[in-house]
Q: 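Following this message is one structure expressed as structure tokens.
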Amino acid sequence: MTVVTRFAPSPTGYLHIGGARTALFNWLFARHHQGKFLLRIEDTDRKRSSQDAVEAIYEGLTWLELDWDGEAVSQFSCVDRHRQVALSLLEQGKAYRCYCSKQELTEMREAARAAGKPWKYDGRWRDREPADAPDGVEPVIRLKAPLEGETVITDLVQGEVRVANETLDDMILLRADGTPTYMLAVVVDDHDMAVSHVIRGDDHLTNASRQYQLYVALGWDIPEFAHIPLIHGPDGAKLSKRHGALGVDAYRDQGFLPAAVRNYLLRLGWAHGDEEIISTAQAIEWFNLESIGRSASRFDITKLTNLNGHYIRHGDDGELARMIAPTIADNRGKDLNDGEMDLLTRAMHGLKGRAKNINELSDSAQFYFNSSPLEFTDKARAQLDEAGCSHLSNLTSSLDKLASWEAETIEAHIRAYGDQHDPAIKLGKIAQPLRAALSGSTVSPPIFDVMALLGKDETLVRIKDALNTQA
RNA sequence: GGCCCCAUCGUCUAGUGGCCUAGGACGCUGGCCUUUCACGCCGGAAACACGGGUUCGAACCCCGUUGGGGUCACCA
């Protein structure tokens, strides 16, 4: 049997981090089994669906590099099929028309609540003659669900889940306006799309029992279910907008790398021994449903940040440079030419170990491309005091005469200058003013590397400009 | 409230009856490295919710309690 999974978000908002993990797990499982990973947009509720949200879902998945097989399916495009299925159930006597109005239902619900009783549709139209139908009420079609017995689902993550059938009511299949409900649509589509494993959030667990009964009524094979625990916010409740958990695009904007997000999401609820850093190839090889935990986990941005730092530190210099080049060009108002692109790439080595996200990386690279005189931070200016400037001016002429402009020779030269000036001097006394003059700040990659990268001319220009600014 | 699910350091987790005086990671923290900041390295504090069973033996199995969560729409 080929494995077919699907990610079926409703386009009512952006792709949330929880949805992203569901998509990841489905994708991983399909790829592990060399099966298919399908995408279906659950847009049967026309009022709540929007094309913007559909686009956001595509973009989010694309950014996460989770590719789906074939075209994304719009559930709404299958309405005729859904309706036909509902009608066939009606013909077979496995479903019936219910003429309760929405208002009637609301009243029943409120009465039940007032009486402190659990609410459940009482099936009053289950066996009633259509002739009794009141005028002016368009009926809904409900499933004639079993009244007794037990529905048992063997969930691949949660294990055996038993629900007494008497607690399940006759769910609506077709609304009064003839459109299918989610319950009908998922079952029909999952069947038609030959989905073998339904991997989705735990919040669907109670739906599974009802859907099970629909499969039975239809005489269809029941797919495997795997309900994965939800992701909670720091307060322990289901992650939602109020936790500030926006779309995955927000994480992109905050400078997170898709690989880091995937790695983090994978480890949230799934583990392979003590492995923490897991490449996507490795994840595909290792991923399984059995190792998914059964309890909910909290979203921890700090750990994601740490992982992101790891992926940046180990990232490819060229790729990182390409990622931040547009921002740097924007900030200085001019695109980077080939030489500058090369400089940026070579600068990555010293920069990437210091950044936790892409935005920090581009901020930290910016100084290489700002034109002198630089703007100085307060701390940098403090380094350019009398003593600092005196070292800088002493250095300018001798630096100019250096035959070779490599980090090592520059360092040797400056250390020699320091020893000569004062054998007890700390290198920092000279390095910090240099750093301030060259980068505008007190934090940068090793300063001799910076000088080498900047080149002799630019280095001397920046030092002189710094001296002039302070004069 | 009914139904359902869950329960190991603050957080993510390893652990499937003896290998556990419970391991890893993030965070916190002491130190080392060091031209700054990071990285890296070494060390530390920090958990089996509680109560009963079962067993020679329980973090692991069973029951209960407590706590947390999910779900109860002509939304998905």
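We name chains A, B, ... by the order of the sequence lines, and we start the count at 1 in each one.
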Q: What interatomic distance, in whole Å, is found between P of B:C12 and the corresponding atom of B:U36?
A: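 Roughly 37 Å separates the two P atoms.
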Q: Between atom CZ in A:R294 and atom P in B:G70, what is the gap in whole Å?
A: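 To the nearest whole Å, that distance equals 19 Å.
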Q: Please work out if A:T442 contacts a base, only the sugar-phosphate, or nothing of the nucleic acid, heavy-atom cut-off 4.0 Å.
A: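 Contact class for A:T442: base.
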Q: May I ask you to say what A:V161 touches in the nucleic acid, namely base, sugar-phosphate or nothing, with a heavy-atom cut-off under 4.0 Å?
A: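 Sugar-phosphate: the residue A:V161, judged by heavy atoms under 4.0 Å, touches backbone atoms but no base.
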Q: Map A:E42 and A:D235 onto RNA chain B by nearest heavy atom, then report which one ends up closer to the 5' terminus.
A: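 Counting from the 5' end, the first nearest nucleotide belongs to A:D235.
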Q: Contact class for A:T305 (heavy atom, under 4.0 Å): base, sugar-phosphate, or nothing?
A: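 No contact.
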Q: Would A:Y417 and A:H391 count as having a side-chain donor-acceptor pair, cut-off 3.5 Å?
A: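 Indeed, the side chains of A:Y417 and A:H391 share at least one donor-acceptor pair under 3.5 Å.
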Q: Indicate, with a heavy-atom threshold strictly under 4.0 Å, whether A:F299 touches base, sugar-phosphate, or nothing.
A: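 Touches nothing.
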Q: For B:G43, what is the paired nucleotide under Watson-Crick or G-U wobble rules, both distances under 3.5 Å?
A: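 Paired with B:U29.
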Q: Quick one: is A:T206 getting a side-chain N or O under 4.0 Å of the B:C5 phosphate, OP1 or OP2?
A: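 Negative; the distance criterion is not met.
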Q: Give me the distance, rounded to whole Å, that separates B:G30 from B:G23 when you measure between the C1' atoms they each carry.
A: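 That atom pair is separated by 22 Å.
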Q: Determine which nucleotide pairs with B:U54, using a 3.5 Å limit on both distances of a Watson-Crick or G-U wobble pair.
A: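 The base-pairing partner of B:U54, which may sit in any strand shown, does not exist here.
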Q: What does B:C60 pair with, Watson-Crick or G-U, if both distances are under 3.5 Å?
A: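 In the structure as shown, B:C60 has no Watson-Crick or wobble partner.
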Q: Distance to the ring centre below 6.0 angstrom and angle to the axis at most 45 degrees; does that hold for A:R142 and A:Y121?
A: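 Yes, A:R142 sits over the ring of A:Y121.
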Q: Measuring only the P atom in each nucleotide, how far is B:U65 from B:C9? A whole number of Å is fine.
A: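 Approximately 23 Å lies between the P atom of B:U65 and that of B:C9.
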Q: So what does A:P445 touch, heavy atoms closer than 4.0 Å: a base, only the sugar-phosphate, or nothing?
A: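 Base contact - A:P445 has a heavy atom under 4.0 Å of at least one base atom.
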Q: How many Å lie between CD1 on A:I278 and P on B:C26, as a whole number?
A: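 Rounding to the nearest Å, CD1 of A:I278 and P of B:C26 are 14 Å apart.
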Q: Does B:A14 pair with anything, Watson-Crick or G-U wobble, both distances under 3.5 Å, and if so, with which nucleotide?
A: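 B:A14 is unpaired by these criteria.
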Q: Looking at A:H314, I'd like to know if its NE2 atom is crowded, meaning that more than 12 non-hydrogen atoms belonging to other residues, nucleotides or ligands lie closer than 6.0 Å.
A: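 Yes - once you tally the heavy atoms of other residues, nucleotides and ligands closer than 6.0 Å, there are more than 12.
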Q: B:C37 base to A:R354 side chain: any donor-acceptor pair below 3.5 Å?
A: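 Under the 3.5 Å cut-off, the side chain and the base do form a donor-acceptor pair.
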Q: Counting Watson-Crick and G-U wobble pairs only, both distances under 3.5 Å, name the nucleotide matched with B:A49, or none.
A: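 WC or wobble partner is B:U65.
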Q: Round to a whole Å and report the spacing from NZ of A:K303 to P of B:G10.
A: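 Distance check: A:K303 NZ to B:G10 P gives 15 Å.
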Q: For A:S444, which contact category applies under a 4.0 Å heavy-atom criterion: base, sugar-phosphate, or nothing?
A: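 Base, at least one base heavy atom under 4.0 Å.
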Q: Atom CD of A:Q211 to atom P of B:C4: distance rounded to whole Å?
A: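 Value for this atom pair: 18 Å.
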Q: Please check if the number of heavy atoms outside A:Y182 that lie under 6.0 Å from its OH is greater than 12.
A: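 Yes - once you tally the heavy atoms of other residues, nucleotides and ligands closer than 6.0 Å, there are more than 12.
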Q: Would one find a side-chain N or O of A:W119 under 4.0 angstrom from OP1 or OP2 of B:A73?
A: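 For B:A73, OP1/OP2 do have a side-chain N/O of A:W119 under 4.0 Å.
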Q: Quick one: which of B:A38, B:A73, B:U35 gets closest to the side chain of A:K356?
A: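 Nearest to the side-chain atoms of A:K356, counting from C-beta on, is B:A38.
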Q: Expressed in angstrom and rounded to an integer, what is the separation of A:Y311 atom OH from B:C39 atom P?
A: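 Interatomic distance, OH of A:Y311 to P of B:C39: 18 Å.
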Q: Between B:C42 and B:C61, how far apart are the P atoms? Round to whole Å, please.
A: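 About 35 Å, rounded to a whole number of Å.
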Q: Taking the side chain of A:D203 as heavy atoms from C-beta outward, which of B:C74, B:G70, B:U36 is closest to it?
A: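 Selected nucleotide (nearest to the side chain): B:G70.
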Q: CG of A:L307 versus C1' of B:G24: gap in Å, rounded?
A: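 Taking atom C1' of B:G24 as the reference, CG of A:L307 is at 14 Å.
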Q: Classify A:I447 by what it touches in the nucleic acid, base, sugar-phosphate, or nothing, heavy-atom distance under 4.0 Å.
A: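 If one applies the 4.0 Å heavy-atom cut-off, A:I447 turns out to touch a base.
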Q: Which part of the nucleic acid, if any, lies within reach of A:A271 when heavy atoms closer than 4.0 Å are counted: base, sugar-phosphate only, or nothing?
A: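 Sugar-phosphate: the residue A:A271, judged by heavy atoms under 4.0 Å, touches backbone atoms but no base.
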Q: So, A:Y96 versus A:D170: side-chain donor-acceptor pair below 3.5 Å or not?
A: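 There is such a pair between these side chains.
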Q: Shortest non-hydrogen contact from A:L105 to A:C100?
A: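 For A:L105 and A:C100, the tightest heavy-atom pair comes out as CD1-CB, 3.8 Å.
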Q: With a 4.0 Å cut-off on N to O distance, would you call A:R48 and A:D45 a salt bridge?
A: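 So A:R48 pairs with A:D45 through a salt bridge.
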Q: B:A25 and B:C39: how far apart are their P atoms, nearest whole angstrom?
A: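 Straight-line distance between the two P atoms is 15 Å.
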Q: B:U71 pairs with which nucleotide, Watson-Crick or G-U wobble, both distances below 3.5 Å?
A: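 Pairing partner: B:G2.
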Q: Mind checking A:N207 for me? I need base, sugar-phosphate or nothing, with any heavy atom below 4.0 Å counting as a touch.
A: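 Base, at least one base atom sits under 4.0 Å.
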Q: Just how far, in rounded Å, is C1' of B:C4 from CD of A:E166?
A: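 Spelled out: CD on A:E166 to C1' on B:C4 is 15 Å.
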Q: Return no unless some side-chain N or O of A:R267 is found under 4.0 Å from OP1 or OP2 of B:A25.
A: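 No, A:R267 has no side-chain N/O under 4.0 Å of OP1/OP2 on B:A25.
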Q: For B:U71 and A:K238 - does any side-chain N or O of the residue sit under 4.0 Å from the phosphate oxygens OP1/OP2?
A: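 For B:U71, OP1 or OP2 has a side-chain N or O of A:K238 closer than 4.0 Å.
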Q: At under 4.0 Å between heavy atoms, what does A:G269 touch on the DNA or RNA strands: base, sugar-phosphate, or nothing?
A: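 If one applies the 4.0 Å heavy-atom cut-off, A:G269 turns out to touch the sugar-phosphate alone, with no base involved.
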Q: Taking 4.0 Å as the cut-off, does a side-chain nitrogen or oxygen of A:R313 come that near to OP1 or OP2 on B:G40?
A: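 For A:R313, the contact criterion (side-chain N or O under 4.0 Å from OP1 or OP2 of B:G40) is met.
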Q: Taking the ring centre of each residue, are A:Y264 and A:H310 less than 6.0 Å apart?
A: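 Between A:H310 and A:Y264, which both carry aromatic rings, the centre distance is not below 6.0 Å.
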Q: Under 3.5 Å between N/O atoms: give me all the protein pairs with nucleotides 20-23 of chain B, atom names plus distance.
A:
residue, atom, partner, partner atom, Å
B:G23, N2, A:D274, OD1, 2.7

Q: Across the strands shown, which category fits A:L230 at heavy-atom distances under 4.0 angstrom: base, sugar-phosphate, nothing?
A: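 Contact class for A:L230: sugar-phosphate only.
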Q: Rounded to the Å, how far apart are A:E275 CD and B:G15 P?
A: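 Going from CD in A:E275 over to P in B:G15 covers 12 Å.
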Q: Could you tell me how far B:A14 sits from B:A47 if I compare only their C1' atoms? Round to whole Å.
A: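 Per the computed distance, 13 Å lies between those C1' atoms.
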Q: Does A:L304 or A:R298 map to a spot on RNA chain B nearer the 5' end, using the closest nucleotide for each?
A: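 The answer here is A:R298.
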Q: Taking atom types as modelled, find out whether A:S74 and A:D43 have a side-chain donor-acceptor pair closer than 3.5 angstrom.
A: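 Present: a donor and an acceptor within the cut-off.
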Q: Quantified in whole Å, what is the P atom distance between nucleotide B:U13 and nucleotide B:A7?
A: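 Straight-line distance between the two P atoms is 11 Å.
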Q: Using a cut-off of strictly less than 4.0 Å, decide whether A:T106 has a side-chain nitrogen or oxygen near OP1 or OP2 of B:A73.
A: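 It does not, given that no N or O in the side chain of A:T106 lies less than 4.0 Å from OP1 or OP2 of B:A73.
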Q: Under a 3.5 Å threshold, yes or no: a donor from one side chain and an acceptor from the other, between A:H227 and A:D202?
A: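 Note: A:H227 and A:D202 side chains miss the donor-acceptor criterion.
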Q: Under 4.0 Å, counting only non-hydrogen atoms across every strand here, what does A:R435 touch: a base, just sugar-phosphate, or nothing?
A: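 Base: the residue A:R435, judged by heavy atoms under 4.0 Å, touches a nucleobase.
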Q: Does A:H232 stack onto the base of B:G70, taking stacking as ring centres under 5.5 Å apart and planes under 30° apart?
A: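 No; centroid distance or tilt outside limits.
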Q: Could you tell me how far B:G10 sits from B:A49 if I compare only their C1' atoms? Round to whole Å.
A: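 Pairwise C1' distance, B:A49 against B:G10, rounds to 16 Å.
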Q: Near A:Y212 OH, under 6.0 Å, is it more than 12 heavy atoms from other residues, nucleotides or ligands?
A: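 Incorrect, the count does not exceed 12.
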Q: Is there a donor on the side chain of A:N306 or the base of B:A25 sitting less than 3.5 Å from an acceptor on the other?
A: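 No such pair is found, so the answer is no.
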Q: Heavy-atom count check: over 12 atoms from other residues, nucleotides or ligands less than 6.0 Å from A:K429 NZ?
A: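 Open: at most 12 neighbouring heavy atoms sit under 6.0 Å from NZ of A:K429.
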Q: Taking only side-chain nitrogens and oxygens of A:R162, does any of them come within less than 4.0 Å of OP1 or OP2 of B:C5?
A: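 It does not, given that no N or O in the side chain of A:R162 lies less than 4.0 Å from OP1 or OP2 of B:C5.
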Q: Considering only B:A7, B:C5, B:C74, which nucleotide approaches the side chain of A:Q158 most closely?
A: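 Out of B:A7, B:C5, B:C74, the nucleotide with an atom closest to A:Q158's side chain is B:C5.
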